[in-house]
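So the structure is just underneath, and the comments pick up after that.
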Amino acid sequence: MKIPSSSHIHMLSYLVVLLLLPLISFSADPDSLQDFCVADQSASSISVNGFPCKPASEVTSDDFFFDGLSKVGDTSNIFGSNVTGGNVLTFPALNTLGISMNRVDFAPGGVNPPHSHPRATESGVVIEGKLLVGFVTTGNMFVIPRGLVHSQKNVGVGKALVIAAFNSQLPGAVVLPFTLFASTPSIPDDVLTRAFQVEEKVVKSIKSKFSS
Ligand code: GLV
Ligand code: MN
């Protein structure tokens, strides 16, 4: 039998990576294999990619409605904003359907802090007010490609409201202030001082603002 040389093996692995690239870069949540699969969040002992389905005999039409996004979020917090998630955790019928929506309320001057969604591209529409979203937008749509860091700030005089849509049932959110300065175990101060080129007292001061 002819043993492949190491350059052949390299070429082969290169080819495999190239063939897989389109799959990796275009994938969102996988396609559903049935019409619906309302999440049974009580089946905690079963671990799958998503949630197991509630038995079809127990599914009712109410499962397919969610009124959480009609309620104004409470913006009285340090950021002056509030994200209400309409994802599989709050709206179990989204399980396996590959979509979700958020409602984001902003007090005047309020900020939705820099964050990214590891599993989804986000598109949003400004329903009320004036926002800084990388650009200033009123009543317009914006899009944030999957994984990219973004934030919003209310730069108008009144309240602002965004409705955001995602191509995942659970987009995830890596909120940078918490991830960098309030993780457990915490990121060592010397890593953060070097990364941000500031003195240790600055890092300690930021950490103290996010410690619970
Ligand atoms: C806004 O960016 C959101 O993630 O809801
Ligand atoms: Mn977002």
Do [X] and [Y] make a side-chain contact, defined as non-hydrogen atoms from C-beta onward lying under 4.5 Å apart?
X    : Y    : answer
L131 : N154 : yes
V155 : F106 : no
K207 : L192 : yes
F142 : H150 : no
H115 : V174 : no
V133 : I144 : yes
I99  : L94  : yes

Any disulfide (SG to SG under 2.5 Å) pairs touching residues 52-136, not counting sequence neighbours?
->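 Listed once each, the pairs are C37-C53.
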For a side-chain contact (heavy atoms from CB on, under 4.5 Å) with V162, tell me which candidate from N112, V126, D105 qualifies.
->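 That would be V126; it is the only one of N112, V126, D105 passing the side-chain contact (heavy atoms from CB on, under 4.5 Å) with V162.
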Derivation of the side chain to side chain contact (heavy atoms under 4.5 Å, CB included) call for E58 and D40 = CA-CA 10 Å; E58 290 172 25; D40 182 354; over 6 Å; no
Between T60 and D62, does any side-chain donor sit less than 3.5 Å from a side-chain acceptor?
->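 No, because no side-chain N or O of T60 sits under 3.5 Å from a partner of the opposite role on D62.
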To the nearest 0.5 Å, what is the distance between [atom1] on [X] and [atom2] on [Y]?
X    : Y    : atom1 : atom2 : value
N102 : L69  : CG    : CG    : 7.5 Å
S123 : M101 : OG    : CE    : 7.5 Å
L176 : S116 : CG    : OG    : 6.0 Å
T96  : Q34  : OG1   : CD    : 5.5 Å
T184 : I187 : OG1   : CD1   : 11.0 Å
F181 : I206 : CZ    : CD1   : 4.0 Å

Exercise: identify the closest heavy-atom pair between [X] and [Y]:
X    : Y    : answer
Q41  : V88  : NE2-O, 2.8 Å
S100 : S168 : OG-O, 2.7 Å
E122 : A164 : OE2-CB, 3.7 Å
P185 : S183 : O-OG, 3.1 Å
V149 : P114 : CG1-CB, 3.9 Å

Take a 6.0 Å sphere around [atom1] of [X] and say whether it holds more than 12 heavy atoms from other residues, nucleotides or ligands.
X    : atom1 : answer
E199 : CD    : no
K130 : NZ    : no
D190 : CG    : yes

Do the side chains of I78 and V203 join up, straight or via other hydrophobic residues, at under 4.5 Å, putting them in one cluster?
->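 Same cluster.
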Would you please classify the geometry between the F178 ring and the F210 ring as parallel, tilted or perpendicular, with 30° and 60° separating the classes?
->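 The rings of F210 and F178 stand perpendicular, inter-plane angle above 60°.
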Given side chain to side chain contact (heavy atoms under 4.5 Å, CB included), test L97 with Q169 step by step and report yes or no.
-> CA-CA 7 Å; L97 300 184; Q169 66 177 26; 5.9 Å; no
Identify, with sequence neighbours excluded, every residue that meets ring-ring contact (aromatic ring centres under 6.0 Å, His included) alongside F36.
->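 F36 satisfies ring-ring contact (aromatic ring centres under 6.0 Å, His included) with F64 once adjacent residues are dropped.
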F91: ring-ring contact (aromatic ring centres under 6.0 Å, His included) partners, not counting sequence neighbours |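 If we apply the ring-ring contact (aromatic ring centres under 6.0 Å, His included) test to F91, skipping adjacent residues, the hits are F66.
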